[in-house]
Number of protein chains: 2
Amino acid sequence: MTRNDKDNDQSVYIGTRPIMNYVMAAMVILNEEDEETGKAKHCTIKARGKRISRAVDVAEILKKKFVTNAIYVDIRLSTEQLKNADGKVSNVSSIEIEIAKKDEEK
Amino acid sequence: MTRNDKDNDQSVYIGTRPIMNYVMAAMVILNEEDEETGKAKHCTIKARGKRISRAVDVAEILKKKFVTNAIYVDIRLSTEQLKNADGKVSNVSSIEIEIAKKDEEK
(Lines give C-alpha, C1' and ligand atoms only; values in the text may rest on other atoms or scores of the structure.)
Protein backbone atom coordinates (compact mmCIF):
# COMPACT_ATOMS: atom_id res chain seq x y z
CA MET A 1 0.00 0.00 0.00
CA THR A 2 1.20 3.49 -0.77
CA ARG A 3 -0.11 6.85 0.25
CA ASN A 4 -0.71 9.74 -2.08
CA ASP A 5 -1.55 12.79 0.01
CA LYS A 6 -2.23 15.00 -2.96
CA ASP A 7 -5.13 12.95 -4.22
CA ASN A 8 -6.42 11.86 -0.82
CA ASP A 9 -6.22 8.41 -2.28
CA GLN A 10 -4.70 5.21 -0.95
CA SER A 11 -3.98 2.06 -2.95
CA VAL A 12 -4.36 -1.64 -2.32
CA TYR A 13 -2.23 -3.86 -4.56
CA ILE A 14 -3.72 -7.28 -5.20
CA GLY A 15 -1.32 -10.19 -4.70
CA THR A 16 -1.69 -13.83 -3.76
CA ARG A 17 -2.96 -13.55 -0.17
CA PRO A 18 -6.51 -14.60 0.76
CA ILE A 19 -9.01 -12.33 -0.94
CA MET A 20 -10.62 -11.16 2.32
CA ASN A 21 -7.31 -9.59 3.39
CA TYR A 22 -7.65 -7.14 0.52
CA VAL A 23 -11.34 -6.52 1.13
CA MET A 24 -10.59 -5.63 4.76
CA ALA A 25 -7.63 -3.42 3.83
CA ALA A 26 -9.84 -1.49 1.40
CA MET A 27 -12.64 -1.19 3.95
CA VAL A 28 -10.26 0.29 6.53
CA ILE A 29 -9.13 2.92 4.02
CA LEU A 30 -12.70 3.89 3.08
CA ASN A 31 -13.57 4.37 6.76
CA GLU A 32 -10.59 6.65 7.37
CA GLU A 33 -10.49 10.41 7.12
CA ASP A 34 -7.55 12.46 5.95
CA GLU A 35 -5.95 14.07 9.03
CA GLU A 36 -5.50 17.43 7.33
CA THR A 37 -8.57 17.87 5.18
CA GLY A 38 -11.02 15.72 7.19
CA LYS A 39 -12.33 14.28 3.93
CA ALA A 40 -13.05 10.58 3.59
CA LYS A 41 -10.43 8.76 1.60
CA HIS A 42 -10.73 7.12 -1.77
CA CYS A 43 -9.39 3.62 -2.15
CA THR A 44 -7.84 2.44 -5.42
CA ILE A 45 -7.57 -1.31 -5.97
CA LYS A 46 -4.74 -2.13 -8.36
CA ALA A 47 -3.78 -5.36 -10.06
CA ARG A 48 -1.85 -6.70 -13.04
CA GLY A 49 -2.22 -9.70 -15.33
CA LYS A 50 -4.07 -12.72 -13.97
CA ARG A 51 -4.79 -10.89 -10.72
CA ILE A 52 -7.15 -8.47 -12.46
CA SER A 53 -10.00 -10.96 -11.89
CA ARG A 54 -9.21 -10.96 -8.16
CA ALA A 55 -9.25 -7.16 -8.08
CA VAL A 56 -12.78 -7.18 -9.49
CA ASP A 57 -13.79 -9.81 -6.91
CA VAL A 58 -12.37 -7.65 -4.09
CA ALA A 59 -14.20 -4.56 -5.35
CA GLU A 60 -17.52 -6.38 -5.79
CA ILE A 61 -17.38 -8.13 -2.39
CA LEU A 62 -16.52 -4.83 -0.73
CA LYS A 63 -19.36 -3.02 -2.46
CA LYS A 64 -22.02 -5.72 -2.04
CA LYS A 65 -21.27 -6.93 1.49
CA PHE A 66 -19.24 -4.44 3.52
CA VAL A 67 -19.54 -0.85 2.29
CA THR A 68 -22.89 -0.81 0.59
CA ASN A 69 -22.77 2.95 -0.06
CA ALA A 70 -19.52 2.57 -2.00
CA ILE A 71 -19.40 3.69 -5.63
CA TYR A 72 -16.92 3.22 -8.44
CA VAL A 73 -15.45 6.68 -9.05
CA ASP A 74 -13.34 5.50 -11.97
CA ILE A 75 -12.11 2.28 -13.53
CA ARG A 76 -8.90 2.58 -15.51
CA LEU A 77 -7.31 -0.03 -17.77
CA SER A 78 -3.76 0.23 -19.05
CA THR A 79 -0.75 -1.71 -20.31
CA GLU A 80 2.52 -1.82 -18.41
CA GLN A 81 5.86 -2.97 -19.75
CA LEU A 82 7.70 -5.34 -17.45
CA LYS A 83 11.27 -6.54 -17.86
CA ASN A 84 11.75 -10.25 -17.21
CA ALA A 85 14.81 -11.73 -15.51
CA ASP A 86 16.30 -12.53 -18.94
CA GLY A 87 15.93 -8.93 -20.11
CA LYS A 88 12.90 -9.44 -22.35
CA VAL A 89 10.18 -6.84 -22.17
CA SER A 90 6.60 -8.07 -21.92
CA ASN A 91 3.33 -6.19 -21.93
CA VAL A 92 1.01 -6.76 -19.00
CA SER A 93 -2.52 -5.39 -18.67
CA SER A 94 -3.43 -3.63 -15.45
CA ILE A 95 -6.54 -2.29 -13.77
CA GLU A 96 -7.17 0.48 -11.25
CA ILE A 97 -10.56 0.56 -9.55
CA GLU A 98 -11.11 3.78 -7.62
CA ILE A 99 -13.77 3.51 -4.93
CA ALA A 100 -15.31 6.09 -2.60
CA LYS A 101 -18.22 6.26 -0.18
CA LYS A 102 -21.24 7.84 -1.82
CA ASP A 103 -22.04 10.33 0.95
CA GLU A 104 -18.64 11.92 0.57
CA GLU A 105 -18.94 12.57 -3.17
CA LYS A 106 -19.86 16.00 -4.39
CA MET B 1 -22.08 -12.58 -29.95
CA THR B 2 -25.46 -10.93 -29.65
CA ARG B 3 -26.91 -7.90 -31.31
CA ASN B 4 -28.72 -5.11 -29.57
CA ASP B 5 -30.20 -2.82 -32.21
CA LYS B 6 -31.51 -0.31 -29.75
CA ASP B 7 -28.11 0.60 -28.38
CA ASN B 8 -26.21 0.17 -31.62
CA ASP B 9 -23.97 -2.04 -29.57
CA GLN B 10 -22.62 -5.53 -30.19
CA SER B 11 -21.03 -7.82 -27.62
CA VAL B 12 -18.05 -10.15 -27.63
CA TYR B 13 -18.10 -12.79 -24.88
CA ILE B 14 -14.67 -13.91 -23.75
CA GLY B 15 -14.19 -17.68 -23.56
CA THR B 16 -11.24 -20.03 -23.87
CA ARG B 17 -10.30 -19.55 -27.53
CA PRO B 18 -7.03 -17.86 -28.54
CA ILE B 19 -7.06 -14.25 -27.46
CA MET B 20 -6.53 -12.87 -30.97
CA ASN B 21 -9.87 -14.37 -32.06
CA TYR B 22 -11.63 -11.99 -29.69
CA VAL B 23 -9.47 -9.02 -30.68
CA MET B 24 -10.36 -9.61 -34.35
CA ALA B 25 -14.06 -10.08 -33.59
CA ALA B 26 -14.10 -6.77 -31.72
CA MET B 27 -12.18 -4.99 -34.48
CA VAL B 28 -14.69 -6.15 -37.09
CA ILE B 29 -17.55 -4.75 -35.01
CA LEU B 30 -15.86 -1.38 -34.53
CA ASN B 31 -15.32 -1.06 -38.28
CA GLU B 32 -18.97 -1.77 -39.06
CA GLU B 33 -21.74 0.73 -39.47
CA ASP B 34 -25.33 0.25 -38.44
CA GLU B 35 -27.36 -0.35 -41.62
CA GLU B 36 -30.21 1.88 -40.52
CA THR B 37 -28.57 4.77 -38.73
CA GLY B 38 -25.18 4.71 -40.50
CA LYS B 39 -23.48 5.22 -37.16
CA ALA B 40 -20.36 3.30 -36.20
CA LYS B 41 -21.03 0.54 -33.74
CA HIS B 42 -19.92 0.23 -30.17
CA CYS B 43 -18.35 -3.03 -29.08
CA THR B 44 -18.81 -4.37 -25.55
CA ILE B 45 -16.35 -6.99 -24.34
CA LYS B 46 -17.91 -9.16 -21.64
CA ALA B 47 -16.36 -11.74 -19.32
CA ARG B 48 -16.96 -13.50 -16.02
CA GLY B 49 -14.73 -14.85 -13.26
CA LYS B 50 -11.16 -15.77 -14.21
CA ARG B 51 -11.74 -14.59 -17.78
CA ILE B 52 -11.99 -10.97 -16.67
CA SER B 53 -8.19 -10.71 -17.01
CA ARG B 54 -8.45 -11.92 -20.61
CA ALA B 55 -11.14 -9.35 -21.36
CA VAL B 56 -8.79 -6.58 -20.24
CA ASP B 57 -6.01 -8.08 -22.40
CA VAL B 58 -8.34 -8.14 -25.42
CA ALA B 59 -9.38 -4.52 -24.88
CA GLU B 60 -5.82 -3.28 -24.37
CA ILE B 61 -4.39 -5.17 -27.39
CA LEU B 62 -7.24 -3.84 -29.54
CA LYS B 63 -6.69 -0.28 -28.38
CA LYS B 64 -2.88 -0.25 -28.50
CA LYS B 65 -2.27 -2.23 -31.71
CA PHE B 66 -5.32 -2.36 -33.97
CA VAL B 67 -7.78 0.48 -33.41
CA THR B 68 -5.60 3.23 -31.98
CA ASN B 69 -8.44 5.77 -31.99
CA ALA B 70 -10.58 3.52 -29.79
CA ILE B 71 -11.72 4.81 -26.42
CA TYR B 72 -13.32 3.20 -23.41
CA VAL B 73 -16.86 4.58 -23.30
CA ASP B 74 -17.70 2.79 -20.07
CA ILE B 75 -16.35 0.00 -17.89
CA ARG B 76 -18.94 -1.76 -15.74
CA LEU B 77 -18.33 -4.27 -12.95
CA SER B 78 -21.08 -6.42 -11.48
CA THR B 79 -21.86 -9.65 -9.69
CA GLU B 80 -23.89 -12.43 -11.29
CA GLN B 81 -25.48 -15.36 -9.53
CA LEU B 82 -24.87 -18.69 -11.23
CA LYS B 83 -26.48 -21.99 -10.34
CA ASN B 84 -24.11 -24.96 -10.30
CA ALA B 85 -25.05 -28.44 -11.48
CA ASP B 86 -25.74 -29.46 -7.86
CA GLY B 87 -28.17 -26.58 -7.37
CA LYS B 88 -25.88 -24.34 -5.31
CA VAL B 89 -25.85 -20.66 -6.14
CA SER B 90 -22.46 -18.97 -6.44
CA ASN B 91 -21.57 -15.34 -6.99
CA VAL B 92 -19.34 -14.55 -9.94
CA SER B 93 -17.86 -11.16 -10.79
CA SER B 94 -18.25 -9.87 -14.31
CA ILE B 95 -16.93 -7.02 -16.43
CA GLU B 96 -18.30 -5.15 -19.43
CA ILE B 97 -15.89 -2.96 -21.38
CA GLU B 98 -17.68 -0.72 -23.86
CA ILE B 99 -15.45 0.53 -26.67
CA ALA B 100 -16.05 2.99 -29.51
CA LYS B 101 -13.99 4.78 -32.13
CA LYS B 102 -13.15 8.28 -31.01
CA ASP B 103 -14.14 10.03 -34.25
CA GLU B 104 -17.67 8.73 -33.93
CA GLU B 105 -18.22 10.00 -30.38
CA LYS B 106 -20.15 13.18 -29.85
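Just so it is clear, the values below take in all heavy atoms, side chains as well, and ignore hydrogens, waters and symmetry mates. As the structure is a computational prediction, the values presented were derived from the model and not from experiment. Proteins come first, then strands; the chains are lettered A, B, ... in the order of their sequence lines, and each starts at number 1.
- No donor-acceptor contact under 3.5 angstrom links the side chains of Asn91(B) and Thr79(B), judged on distance only.
- The candidate from Ser94(B), Ala55(B), Gly49(B), Ser78(B) with the greatest count of non-hydrogen atom pairs under 4.5 Å with chain A is Ser78(B).
- With a 4.5 angstrom heavy-atom cutoff, Ile97(A) touches chain B only via side-chain atoms.
- With respect to Glu80(A) and Arg48(A), a salt bridge is recorded, a charged nitrogen being found less than 4.0 Å from a carboxylate O.
- If you measure heavy-atom distances from Asp74(A) to chain B, you find no contacts under 4.5 Å at all.
- Residues Asn31(A) and Lys101(A) have side chains that bring a donor and an acceptor to within less than 3.5 angstrom of each other.
- By the 4.0 Å N-to-carboxylate-O rule, Lys65(B) lies too far from Glu60(B) to be salt-bridged with it.
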